Participant: 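Pasting a structure here, questions to come.
Since this is a predicted model, take the numbers as computed values, not measurements.
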Amino acid sequence: MKRFLLLLLLLSLSISAAHAQFPDPDGGDLERGVLPLKWTTGGPKCMEIPEWQVHEYNPNFYILRQSGCTDAEMPFLYLIFGKDRGILWDTGSRNGNLAPALQRVVHNWLERNHRDSVSIIVTHSHSHDDHTWGDSALQALHDSAMPIEFVAPTVDAASKFFGIAPWPTALGQVDLGGRVLNIVPIPGHDTYAIALYDRKTGIVLTGDNLYPGRLYIPDFPTYQTSTERLIAFLEGKPVSHVLGNHIEQTRTPFLDFPIGSIYHPDEHPLELTFGTLLELENGLKSMNGIPRRLATRDFTIWPLDPKEHGLGPKMEQIYKQTQAEQLKNKWNQPSK
């Protein structure tokens with residue numbers, strides 16, 4: 001009897017997993033896209049590096065990456081277009097000067113699509129300043145070709161705009177016109193944080209909750225619950241890529257760049273998978289409610305001590321040392 005029940009369980013799991021795929025290896029009805037083999041980081045010569053690298057995943061999905069020459073955070077931003085409007089995910093970090101780069105992409109999209117204007121929703125993965133620094137510039141932008149609809153990075157504003165009630169257990173969504181984006185609340189790294197699932201491409205945006213690097217967690221129980229909520233939502237849905245906001249990991253397994261690095265030679269790919277998300281869940285569960293640091297091949301679970309300010313004195317010292325060394329060589333980083 002036990003063996004029979006085990007077989008039923010394995011069968012149900014396999015069926016559940018199969019629902020997230022397609023019967024043939026052709027990608028079904030997902031919109032295809034291409035990611036670059038590598039991203040521009042912050043060098044080796046900052047004189048040659050633009051403030052923003054713009055990558056066209058496909059004609060209606062763009063990824064913008066801020067240069068490490070402007071700020072060591074090097075965040076990724078995402079710009080998605082539907083038939084009626086577009087959405088911008090985050091506004092970058094310090095010294096980003098996002099507005100001109102964003103205008104260029106939007107105006108080029110309008111020209112390609114023979115349009116005069118398109119409204120842009122500006123929203124955020126969470127509220128930390130390395131993802132909201134460009135807010136004021138975009139709010140002050142008066143471009144009739146791309147009127148801005150701003151959603152503040154707060155629980156109240158996002159809940160109202162995306163129809164999330166109650167927070168954080170309910171789901172939200174926004175329709176860009178023939179393109180519905182699902183919104184999943186994922187607090188834990190920040191009090192306000194959301195993930196986005198794009199039904200057209202199967203891409204999941206996870207903000208700072210999951211990316212190739214150090215996953216800082218000030219609220220461990222909430223973060224674990226959020227991870228499980230996102231996995232439960234994605235069950236039965238095709239996932240092409242899981243894309244976060246940063247890359248801090250090298251291509252060498254278990255090796256990250258020192259905090260404060262502006263230049264990332266031999267950088268880990270941005271894209272992760274649904275399997276990576278399951279690996280994160282397993283790592284969290286293995287701690288049995290007692291947070292501890294845990295390094296995996298592609299990321300490190302990094303609980304924060306609530307008694308310490310920020311990341312703690314050791315990490316702050318590493319940041320200062322790394323910045324001093326790399327900024328000294330900003331115009332010509334030594335070869336590795």
Participant: Within the distance-only criterion (no hydrogens, no angle test), does the side chain of Thr276 pair as donor or acceptor with the backbone N or O of Thr273 below 3.5 angstrom?
Facilitator: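 Checking the backbone N and O of Thr273 against the side chain of Thr276, a donor-acceptor pair under 3.5 Å is found.
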Participant: Run through the side-chain heavy atoms of Ile, Leu, Val, Met, Phe, Trp and Tyr, join any pair under 4.5 Å, and report what else lands in Leu255's cluster.
Facilitator: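 Noted: Leu255 shares its cluster with no other residue.
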Participant: Tell me whether Asp208 contacts the main-chain N or O of His189 through its side chain, where contact means a donor paired with an acceptor under 3.5 Å.
Facilitator: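 No: the side chain of Asp208 does not pair with the backbone of His189.
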Participant: Would you say the side-chain atoms of Asn245 and Ser125 include a donor-acceptor pair closer than 3.5 Å?
Facilitator: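 The answer is yes; a qualifying pair exists.
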Participant: Go through the side-chain N and O atoms of Thr225 and Thr222 and say whether any donor and acceptor fall under 3.5 Å apart.
Facilitator: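 There is no such pair (donor and acceptor under 3.5 Å, judged by atom type) between the side chains of Thr225 and Thr222.
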Participant: Report the C-alpha separation of Tyr62 and Phe81 in whole Å, then their side-chain angles, then the decisive distance to 0.1 Å, and conclude whether the side-chain contact (heavy atoms from CB on, under 4.5 Å) test is met.
Facilitator: CA-CA 9 Å; Tyr62 298 84; Phe81 291 98; 3.9 Å; yes
Participant: Should Asp129 and Arg94 count as an ion pair when the cut-off is N to O under 4.0 Å?
Facilitator: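 A salt bridge links Asp129 with Arg94.
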Participant: If you measure from the Lys or Arg side-chain nitrogens to the Asp or Glu carboxylate oxygens, is any gap between Arg297 and Glu279 under 4.0 Å?
Facilitator: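 A salt bridge is absent here (no side-chain N lies under 4.0 Å from a carboxylate O).
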Participant: Closest approach of Gln66 and Asp71, non-hydrogen atoms and distance?
Facilitator: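 Looks like NE2-CB, 3.8 Å.
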Participant: Which residue pairs satisfy the disulfide bond (SG atoms under 2.5 Å apart) criterion with at least one member in residues 214-310, sequence neighbours excluded?
Facilitator: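 Listed once each, the pairs would be none.
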Participant: Keeping His124 on the side-chain end and Val151 on the backbone end, is there a donor-acceptor pair under 3.5 Å?
Facilitator: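 Answer holds: yes.
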Participant: Quick one: do Leu270 and Arg65 satisfy side-chain contact (heavy atoms from CB on, under 4.5 Å)? Show the steps, please.
Facilitator: CA-CA 11 Å; Leu270 170 65; Arg65 207 264 178 99; over 6 Å; no
Participant: Are any side-chain N or O atoms of Asp90 and backbone N or O atoms of Gly92, one a donor and one an acceptor, separated by less than 3.5 Å?
Facilitator: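 Such a contact is absent between Asp90 side chain and Gly92 backbone.
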Participant: First locate atom CH2 of Trp89, then atom CG of Asp198, and finally report the distance between them rounded to the nearest 0.5 Å.
Facilitator: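 Trp89 CH2 to Asp198 CG: 11.5 Å, rounded to 0.5 Å.
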Participant: For residues Leu98 and Trp52, report the shortest heavy-atom separation together with the two atoms involved.
Facilitator: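 Between these two residues, the closest heavy atoms are CA-NE1, 3.6 Å.
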Participant: Please step through side-chain hydrogen bond (donor to acceptor under 3.5 Å, both in side chains) for the pair Trp109 and Asn60, ending with a clear verdict.
Facilitator: CA-CA 8 Å; Trp109 183 88; Asn60 291 307; 2.8 Å; yes
Participant: Is there a path of hydrophobic side-chain contacts, each under 4.5 Å between heavy atoms of I, L, V, M, F, W or Y residues, that connects Val180 with Ile164?
Facilitator: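 In one cluster with Val180: Ile164, no.
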Participant: Just how far is it from atom CZ of Arg85 to atom CZ of Arg179, taken to the nearest 0.5 Å?
Facilitator: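 If I round to the nearest 0.5 Å, the distance is 13.5 Å.
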Participant: Less than 6.0 Å separating the ring centroids of His128 and Tyr192?
Facilitator: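 Distance test on ring centres: not under 6.0 Å, no.
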Participant: Within the distance-only criterion (no hydrogens, no angle test), does the side chain of His126 pair as donor or acceptor with the backbone N or O of Pro153 below 3.5 angstrom?
Facilitator: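 Looks like no, no N/O pair under 3.5 Å.
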Participant: Is any side-chain heavy atom of Tyr223 closer than 4.5 Å to one of Pro303?
Facilitator: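 Not in contact.
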Participant: Hey, is the main chain of Ser261 close enough, under 3.5 Å, to the side chain of Thr322 for a donor-acceptor pair?
Facilitator: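 A pair under 3.5 Å: no.
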Participant: If I take atom CZ from residue Arg199 and atom CG from residue Asn182, how far apart are they, to the nearest 0.5 angstrom?
Facilitator: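 The CG atom of Asn182 is 4.0 Å from CZ of Arg199, to the nearest 0.5 Å.
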Participant: Take Thr91 and Asp135 through the test side-chain hydrogen bond (donor to acceptor under 3.5 Å, both in side chains) and record every step on the way to the result.
Facilitator: CA-CA 6 Å; Thr91 63; Asp135 283 6; 2.7 Å; yes
Participant: Roughly how far, to the nearest 0.5 Å, is CZ of Phe61 from NZ of Lys200?
Facilitator: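 Output value for this atom pair is 13.5 Å.
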Participant: Considering only distance and modelled atom types, tabulate donor-acceptor pairs under 3.5 Å from the side chains of residues 26-40, sequence neighbours left out.
Facilitator:
unit_1 : atom_1 : unit_2 : atom_2 : d
Asp26  : OD1    : Gly28  : N      : 2.9
Arg32  : NH2    : Asp26  : O      : 2.2
Thr40  : OG1    : Gln53  : OE1    : 3.3

Participant: If you apply the rule ring pair (Phe, Tyr, Trp, His ring centres under 6.0 Å), what do you find for His246 with His268, and how did you get there?
Facilitator: CA-CA 10 Å; His246 302 279; His268 191 292; over 10 Å; no
Participant: Locate the shortest heavy-atom distance separating Gly283 from Leu294; write the atom from each residue and the value.
Facilitator: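 The answer is CA-CD2, 3.8 Å.
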Participant: Any idea which heavy atoms bring Gly244 and Tyr211 closest together, and the distance?
Facilitator: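 Looking at all heavy atoms of both residues, the shortest contact is CA-CB, 4.0 Å.
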Participant: Decide yes or no for Leu79 and Val54: does some side-chain heavy atom of the first lie under 4.5 Å from some side-chain heavy atom of the second?
Facilitator: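 Result no, sub-4.5 Å side-chain heavy-atom pair not found.
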Participant: With disulfide bond (SG atoms under 2.5 Å apart) as the rule and sequence neighbours excluded, what pairs involving residues 208-255 come up?
Facilitator: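 Non-adjacent pairs meeting disulfide bond (SG atoms under 2.5 Å apart): zero.
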Participant: Given side chains that start at C-beta, do those of Ile203 and Tyr57 come closer than 4.5 Å, heavy atoms only?
Facilitator: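 Sidechains of Tyr57 and Ile203: in contact.
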Participant: Drop me the distance from Asp116's CG to Ser144's OG, to the nearest 0.5 angstrom.
Facilitator: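 Separation between the atoms: 9.0 Å.
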Participant: Apply side-chain contact (heavy atoms from CB on, under 4.5 Å) to Asn209 and Leu230, showing your working.
Facilitator: CA-CA 11 Å; Asn209 278 49; Leu230 180 57; over 6 Å; no
Participant: Working to the nearest 0.5 Å, report the span between CG of Leu88 and CD1 of Ile120.
Facilitator: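 It comes to 7.5 Å.
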Participant: Of Leu234, Val184, Thr206, Ile183, which is the lone residue that meets side-chain contact (heavy atoms from CB on, under 4.5 Å) with Tyr197?
Facilitator: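 Only one option passes, and that is Leu234.
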Participant: Report yes or no: does Gln326 contribute a side-chain atom to a donor-acceptor pair with the main-chain N or O of Ile262 at less than 3.5 Å?
Facilitator: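 Confirmed, Gln326 side chain pairs with Ile262 backbone.
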Participant: Would you check if the side chain of Arg214 reaches a backbone N or O of Asp256 as a donor-acceptor pair within less than 3.5 Å?
Facilitator: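 Not confirmed, Arg214 side chain does not pair with Asp256 backbone.
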Participant: Got a sec, which pairs hit salt bridge (charged side-chain N to carboxylate O under 4.0 Å, His left out) with one end in residues 40-55, sequence neighbours left out?
Facilitator: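 Found none.
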Participant: Please check: side-chain N/O of Thr300 versus main-chain N/O of Trp302, any donor-acceptor pairing under 3.5 Å?
Facilitator: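 Not confirmed, Thr300 side chain does not pair with Trp302 backbone.
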Participant: Please report the C-alpha distance between Phe76 and Leu243 in whole Å, then the side-chain angles of each, then the deciding distance to 0.1 Å, and finally whether the side-chain contact (heavy atoms from CB on, under 4.5 Å) criterion is met.
Facilitator: CA-CA 9 Å; Phe76 289 87; Leu243 305 179; over 6 Å; no
Participant: For residues 26-138, which residue pairs pass the disulfide bond (SG atoms under 2.5 Å apart) check, not counting sequence neighbours?
Facilitator: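 Matches after skipping sequence neighbours: Cys46-Cys69.
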Participant: Are there over 12 heavy-atom neighbours, none belonging to Asn282, within less than 6.0 Å of that residue's CG?
Facilitator: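 Atom CG in Asn282 is crowded, with more than 12 foreign heavy atoms closer than 6.0 Å.
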